[in-house]
Amino acid sequence: MFVVGSILIYLPSRQYGMVTDFLNWMSKYANGSWKDVIDCFGYHGLHQVFHVINFSFYKLVGLDLVCWYLLFAVLHGINAYLLYHLIKKITLRYNIRASYLALLSGLLFLCFPYNVEVVTWKACLHYLLITLLLLSILIITYRYIDRSKISQLLLIHFMYFLCLFILELSFIIPFVVFLFVLFDRAYYDRPYKSLLVKIPLVQLSLLTLYLIISRLVIGDYIGHYGAEEHIKFDTALLFGNAWKYFFKNLFLCHFWNFGYKEWLYNFVLSQTWIYSTLSLIAVILSGLVIIRRKYFSANLKVSLLFTFSFFVCLLPIITLYFMYIHHYENDRYGYMANAFFIPALLIFISSIKSKQLKRLLYLVYIIATIYGFCKMMSITHSAGKLQHSLLKDFNPPRSDRDLYFLANPENLKGAYLYNDSHYNADKFIKSLDLLYEKKVTNTCYDIAQYNANDHADVIKVDILDSNTLKVYFGQYGNWFWKSKRGLKDYDTDRFFVDKENLSYTLTLKPVVQNCIFVYPVAGKWKYIVRENGSFIKS
């Protein structure tokens, strides 16, 4: 049911996702071989298991859009099922009389709007895999606690070994397992030392071995962004960002009016006294529940367990940039943590005695979740439509004239398109080659990008004189970008860009003679040819 549901609800996004980092990997895969898996195709990290799976699928289906869409949707559906299975086991184990919680947790995880980036952007396979393995480890851990089969213990450690070579998020898995084992032993007042030695302690030993290998192989204990980025003891990042993620999920703040969410994230939750007070209150309440646990319901205690797990899952990414300006971007960081936040909230609501209030809170959160999800599906649908419309419509010039891209869509409401930092339209040219087998041999210059709001957005260009073009928008709500930031004035040996509010002028220098300028209008490319010192619109 969960797998089929995932395939159906993500159907609008089926065209989207083969952008940016994914294209970089596919380019390496197209020119690489199995031996390149050993050094992760030159990447700074030990992700061999991820590349075995990703590269195998590429070898099997190539760049077939439908196959990649199905792979990601199926894996997300499996994760939703595993979460359902875990919550079902927990509600039975701790006598929580709310059989609907497991099904509701799985379904909300399935359509949680902040999960969309992971399921639609094809560079996020490792987030799906690591979450699948963590949920599986927890389920098997409960089985081992009950049956003590050595095969189950070996399977737990084998799965964790795989996790280590998928993504650095695996570093926190021993601590999540520790929380669940400790909670179970404390709940039933049973000895837990042997379990801690057999499971979390062994996992920590494997993690230590991994860190040593990483240091020897890549020269750093932590790959990906590096130890300096992942390990920062900055209270503003650790506590401030933690509460930002918490409120982001609790109130679905990313879907608020921009002014309101900027006020919440940049003013309220960035104040030291506010996030410190929130943290102190959380510690006091948690301590009260733990110390006086006999007086609290199983619902509250299990909710606290999942809340702790949510914050623990954020630790590897908590010091990284928290994005709120757009929808979609960087939501992937919270994918694994979301699997613990959703049941934490639902189980907490289930502890409320008033049936009317309980039902109202469930209804409000379900409606808000579905609204956010539908909005994200609309964004990815439009982004996919714009992406492939531009790729299909573009025909490489037969001449060897230089190509100037006056405006390339950087993103569509946050969904990545052709965000480029190389000044040569690298992402768009690579997309043409890999996805449509259209090779561009011309020298390309990426003058500016822009944020699209719809696949029908229009760029307008006026010819001011024999050397100057004015580029602007045909609708409200767009602005120009350059190298993943807002466009500013800049100068090169070939042209000068003068930014003017929501437009810019491009002034060519004498070195530029015959060339071609391109810009998008409602998903189609328009051309301006420069010949013999004059501009000619085609």
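What you see is a predicted model; the values in this text were computed from it and never measured.
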Please check if the number of heavy atoms outside [X] that lie under 6.0 Å from its [atom1] is greater than 12.
| X | atom1 | value |
| --- | --- | --- |
| Y100 | OH | yes |
| F310 | CZ | yes |
| K89 | NZ | yes |
| F258 | CZ | yes |
| F348 | CZ | no |
| K358 | NZ | yes |

Sub-3.5 Å donor-acceptor pair from the side chain of [X] to the main-chain atoms of [Y], do we have one?
| X | Y | result |
| --- | --- | --- |
| H381 | P12 | yes |
| N419 | E410 | no |
| K261 | G259 | no |
| H76 | L110 | yes |
| S6 | A73 | yes |
| S389 | G523 | yes |
| S309 | L305 | yes |
| K301 | R293 | yes |
| D457 | N453 | yes |
| S382 | I379 | no |

Handout entry: side-chain hydrogen bond (donor to acceptor under 3.5 Å, both in side chains) between N330 and R332, worked out
Key = CA-CA 5 Å; N330 284 6; R332 64 189 182 277; 3.2 Å; yes
Closest approach of [X] to [Y] (non-hydrogen atoms, all atoms of both residues):
| X | Y | answer |
| --- | --- | --- |
| S270 | Y275 | O-CE2, 4.0 Å |
| L83 | F109 | CD2-CB, 3.7 Å |
| F473 | L502 | CD1-O, 3.5 Å |
| I87 | A102 | CG2-CA, 3.7 Å |
| W121 | G17 | CD1-O, 3.3 Å |
| Y328 | A415 | CD2-CA, 3.7 Å |

Distance, nearest 0.5 Å, that separates [atom1] of [X] from [atom2] of [Y]:
| X | Y | atom1 | atom2 | value |
| --- | --- | --- | --- | --- |
| Y416 | T380 | OH | OG1 | 13.0 Å |
| S105 | L345 | OG | CG | 9.5 Å |
| L285 | L304 | CG | CG | 9.5 Å |
| N411 | H326 | CG | NE2 | 4.0 Å |
| H85 | L135 | NE2 | CG | 11.0 Å |
| L129 | I53 | CG | CD1 | 4.5 Å |

Exercise for the section: On the 0 to 90° scale, with breaks at 30° and 60°, tag the F2-Y84 ring pair as parallel, tilted or perpendicular. Expected result: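 If you compare the ring of F2 with that of Y84, the planes turn out tilted.
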Quick one: does [X]'s side chain get under 4.5 Å of [Y]'s, heavy atoms only?
| X | Y | result |
| --- | --- | --- |
| L487 | W479 | no |
| L264 | F251 | no |
| Y58 | M26 | yes |
| R93 | I145 | yes |
| Q387 | V19 | yes |
| Y333 | L169 | no |
| Y362 | S350 | yes |
| L65 | R14 | no |

Practice task
Run the numbers on S351 and F296 for side chain to side chain contact (heavy atoms under 4.5 Å, CB included), then give the verdict.
Solution key: CA-CA 10 Å; S351 67; F296 291 93; over 6 Å; no
Donor-acceptor contacts, no H, no angles, side chain residues 154-161, under 3.5 Å, sequence neighbours left out:
from	atom 1	to	atom 2	distance (Å)
H157	NE2	K198	O	2.7
Y160	OH	S170	O	3.1

Exercise for the section: Please check if any side-chain donor atom of D184 sits under 3.5 Å from a side-chain acceptor atom of Y94, or the reverse. Expected result: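 Their side chains do contain a donor-acceptor pair, which is all the 3.5 Å distance test asks for.
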Problem - Pair W243 and F311, ring centroids less than 6.0 Å apart - result: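 W243 vs F311: aromatic centres under 6.0 Å.
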Problem - Ionic contact status for K294 with D189, cut-off 4.0 Å - result: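 Answer for the salt bridge query: no.
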Exercise for the section: Tell me, with the steps shown, if F112 and N249 meet side chain to side chain contact (heavy atoms under 4.5 Å, CB included). Expected result: CA-CA 9 Å; F112 201 55; N249 281 10; 4.0 Å; yes
Handout entry: Sole residue of Y245, Y114, F247, Y324 in ring pair (Phe, Tyr, Trp, His ring centres under 6.0 Å) with H254
Key =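 With H254 as partner, ring pair (Phe, Tyr, Trp, His ring centres under 6.0 Å) holds for just one option, Y114.
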Handout entry: Partner set under side-chain contact (heavy atoms from CB on, under 4.5 Å) for V66, not counting sequence neighbours
Key =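 Checked V66 against side-chain contact (heavy atoms from CB on, under 4.5 Å); matches are D64, L70.
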Handout entry: Candidate pair K385 and Y16, rule side chain to side chain contact (heavy atoms under 4.5 Å, CB included), full reasoning
Key = CA-CA 8 Å; K385 190 172 181 179; Y16 178 70; over 6 Å; no
Practice task
List in chain and number order the residues that pass ring pair (Phe, Tyr, Trp, His ring centres under 6.0 Å) with F72, two or more places apart in sequence or in another chain; answer none if no residue qualifies.
Solution key: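 Checked F72 against ring pair (Phe, Tyr, Trp, His ring centres under 6.0 Å); zero matches.
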Exercise for the section: Under the ring pair (Phe, Tyr, Trp, His ring centres under 6.0 Å) rule, what do F255 and Y260 come out as? Steps first, then yes or no, please. Expected result: CA-CA 10 Å; F255 299 96; Y260 292 132; over 10 Å; no
Practice task
Run the numbers on L23 and S431 for side chain to side chain contact (heavy atoms under 4.5 Å, CB included), then give the verdict.
Solution key: CA-CA 7 Å; L23 295 174; S431 299; 2.9 Å; yes
